[in-house]
Structures are given as structure tokens and as C-alpha cells.
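Contents: one structure, followed by commentary.
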Number of protein chains: 2
Amino acid sequence: MDNTETKIIDAARRVFVAKGLDGARMQEIADEAGINKALLHYYFRSKQKLFDAIFEEAFQQFIPTMGATIASGKNPQEIITIFIDAYFRVLEQNPFLPQFVIGELNRDPSRLATFMAEKIGLTSLVDKAMSLFQNEGFNLKNPQQFMISLISMIIFPFVAKPILHHIIFKGDQLLVDQFFAERKSYVTTSALQLLASSLNENN
Amino acid sequence: MDNTETKIIDAARRVFVAKGLDGARMQEIADEAGINKALLHYYFRSKQKLFDAIFEEAFQQFIPTMGATIASGKNPQEIITIFIDAYFRVLEQNPFLPQFVIGELNRDPSRLATFMAEKIGLTSLVDKAMSLFQNEGFNLKNPQQFMISLISMIIFPFVAKPILHHIIFKGDQLLVDQFFAERKSYVTTSALQLLASSLNENN
DNA sequence: GTCTATATGCAGATAGAC
DNA sequence: GTCTATCTGCATATAGAC
């Protein structure tokens, strides 16, 4: 599709993700889309409504297809592997998504409340994921702590990329690329080790 | 101290940390400080300069006292424990600092380049921290991967607090508080387990 | 140092021609 | 649907009195 609305969405996504709601300029979005400001307001009545469309789309992508993963009905180790793989696939193609979603949710947490009202299915999916680690011999004392550690290890490097780039890797882009290339397998190994350790400790 | 400059700094910190550079309003900062806008410009020539002062201060706090930790000269396990403890102490008193610093660094990564030019000591401290895990029998293949996993597990929950609050814990503030209360010891245990696992694997 | 009043510029939004 | 021109309001910043 190459119609005007699509061009606007694409341009708005780029600008909003890069600069946030407050930092974005309608003029810049218009320029990126190759149109003028008035047309933006013709398609989306206001900056806020345009932003809402972009944010909703981003939020959907960011909360991964946890359902499909769980529905696959494998054991916890396999599910973890699949989950990490699916998440990295999304992040590698949208490396700036996490900072965008998380940043805007921090600016306006009330947004989440309304979102949650619509997506009641989401929380029950999370519950299912948690309960996985309390079945089949994985009687984790703290499934939430484990799950959040896992998500932290996956997402945080994408959010903190500028810090990695400049402080850890001193501006060496090759080292940064290498780090992200190896990250998925490292996180998978770590997660499985943590799971195994908790077994040994009879948690 | 209760002079005007201090009042401005305190007010600016609150507003900038909550709303970011673009979202903050000089009027709101003035109101918070109990003065008027003109006085802000009298003390700090522009919004940008006021922001720079706040950001620099925040950045200093956010990059923890890694030096002191390392200088303590203990073994890796002890250093990890001390490091985690020090970091949590900072974060518990400044829970919104990470999102502020990381968010602004993503909006304007060039900021870091100039910062790094000044703080040359910082990168060498990071190097020292890394080399720790390649000595004393901890010949980790990927000290960076380990270090970043550790930092991820510490910081990310603070950044993603709105998501934890609404999606994982369904708005139950008590569960959120309990999670953060237990987080430090959970991360410490996890980090030591990962270190031990890498030993067993002869990495 | 601190205030009120004002200048200046810019961004979001609209009017109206084509 | 798409454009140019314009309105409106607001935010940063300054002028100048006290």
C-alpha cells in the first residue's frame, strides 16, 4: 500500500518513536510523509489522535505473542526458548520500540489503565505464563521474579543501547553488533541455568 | 539550604524527571519553586541550561559508585553483593532516575559523546569491573554479557514499573511493594548462581 | 534579587481555494 | 483529497520598575 494514510502512519511512526509525543513536530511528520501539515489534520483530527494510533500499534507489538507461545503446550524449557526467540525477532526488527512504549507509559501511566480495560485477555495470559513455572516439577517460589528477570535481560539492552555503545563498548559499533548477535543465546542459556538452579535448591 | 537557587534546582528536578525536557514547562517549575518565570532565567539563562544542570546531576547518581565498590578489593562474589546493594540503595531513593536518564539519552545520544570526553575515568572503571570476572578462577567467556544481565535485572523493573503495576500485578500496590522489597535478594542470588554455573561449564 | 508586563517565535489547528 | 495562507494560543525569553 502506498496511499496517503499509509505514508502518514509510516512517517508518524518514525518521528514519534524517535522523539516521543512532546518532542515530535507535525511539520516534521508532514515532511517525512512528503505532504503538508493540513493533510495530517484532514486524516487525523489532532496530533493526539495521530499519536494514539501509533502508540496502540506499538503497544500491541511490544507485548509479544505470549499467547501463541504458551498455547504451543511444550514444557517450560522449550517454552522459554521459544519465548526468547520470538521476543528477539520482534526487537531486532524494532530496536527502538521498547524505549518508546516504556517512555510514554512513564510520562502518562493513566494510558495503561484504559488500555487494560480493553485487553482483559492479556492479564490472564500473564497468569498462565506464571503458573507454568509452578507446574511440572518447577515449583518456583517466585515465578514473577524469575519472569521479570527474563524479560529484563531481553529488553533492557535495547533500552540502554546508548549507554552500552558509549560506556561499555566505547563507541565501537562492531563490538555492539557482536554483543547483540550473541545476546539471544546468552540469555537463553542463563534463563535455563536459573531454572535449573532453583530446582537444585528445592524452591 | 533554602535559598532561591536550591529551591529552583529541587523544583526543576521534580518536573524534568517527571516530564522530560520537552514535556516540562518553565511555568510549572516556577510554580513548584514558589517564584516566577523571570527569576528562572535570572539564575539559569535558558531552559536548556537549567536542564543540563539537572541532567548532569542525575547522570552522576545513575552511574553508581562503581569505583568505590571495586576499590574495596574483595573477591567477585563479595563485590557483586556490594555492587547490587549500592545500586538498590540509590534506586530505592530515586526510583524515577533510570527512566529519566535513559529516556533523555535516547532522545539525544550526542549528549553522551560530550559527557564521555569529560569523564575518561569512567570507562576505565568499567574495564576494571569486567576484568574482575576474568581473574581468580572466573574466566568468563563473556564478562560483558554477564555484567549487562546483572545491570538489566537491577534497573529494568524500575523503568518498567507501570507495566509491572498494571499488567503483572493488576494494580495491586501491595504486590508491587512486596516485589521490590524482595528484588534485591533475588537478584543477588541469581547473579551468584549464574557465576557458579559458568564455572561448572568451564567457560 | 524579585517582580509585572511584554516581546518574539513557533506549533497545532482551521479556512477556503482548487 | 490536497494545497496555501492564516488564526490562535502558548512557551521561552527579555525589558524594565522596584
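Each chain gets a letter, A, B and so on, in the order its sequence line appears, and its residues count up from 1.
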[X] side chain: which of [options] is closest?
X: Tyr43(B); options: dC3(C), dG1(D), dT2(C); result: dT2(C)
X: Arg45(A); options: dA13(C), dT12(D), dT14(C); result: dT14(C)
X: Ala38(A); options: dA13(D), dC3(C), dC3(D); result: dC3(D)

Testing the 3.5 Å rule here: is there a donor-acceptor pair between the side chains of [X] and [Y]?
X: Thr6(A); Y: Asn3(A); result: yes
X: Gln61(A); Y: Glu57(A); result: no
X: Thr188(A); Y: Arg183(A); result: no

- Message: Can you see if the side chain of Thr4(B) gets near the phosphate of dT2(C) - specifically, an N or O under 4.0 Å from OP1 or OP2?
- Response: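 Looking at the OP1 and OP2 atoms of dT2(C), one of them is under 4.0 Å from a side-chain N or O of Thr4(B).
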- Given dG12(C), is OP1 or OP2 found less than 4.0 Å from the side-chain N or O atoms of Ser46(A)?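 No, Ser46(A) has no side-chain N/O under 4.0 Å of OP1/OP2 on dG12(C).
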- Inspect the contact between Lys7(B) and Glu32(B) and indicate whether a charged nitrogen and a carboxylate oxygen are less than 4.0 angstrom apart.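 Looking at Lys7(B) together with Glu32(B), the answer is no, because their closest N to O distance does not fall below 4.0 Å.
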- Contact class for Ala30(A) vs. all strands (heavy atom < 4.0 Å): base, sugar-phosphate, or nothing?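 Since no nucleic acid heavy atom lies under 4.0 Å of Ala30(A), the category is nothing.
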- Closest-nucleotide ordering on DNA chain C, the 5'-leading residue of Gly34(B) and Leu21(A):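 Whichever sits nearer the 5' end wins; that is Gly34(B).
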Rounded to whole angstroms, how far apart are [atom1] on [X] and [atom2] on [N]?
X: Lys7(A); N: dT2(D); atom1: NZ; atom2: P; answer: 8 Å
X: His41(A); N: dC7(D); atom1: NE2; atom2: P; answer: 17 Å
X: Tyr42(B); N: dT14(D); atom1: OH; atom2: P; answer: 14 Å
X: Lys19(B); N: dA11(D); atom1: NZ; atom2: P; answer: 11 Å
X: Ile8(A); N: dC3(D); atom1: CD1; atom2: C1'; answer: 13 Å
X: Leu40(A); N: dG12(C); atom1: CG; atom2: C1'; answer: 11 Å
X: Asn36(B); N: dA11(D); atom1: CG; atom2: P; answer: 16 Å
X: Leu39(A); N: dC3(D); atom1: CG; atom2: P; answer: 6 Å

- Message: Between Asp85(A) and Arg89(A), is the salt bridge (charged side-chain N to carboxylate O under 4.0 Å, His left out) condition met? List the steps.
- Response: CA-CA 6 Å; Asp85(A) 189 67; Arg89(A) 218 187 297 279; 2.3 Å; yes
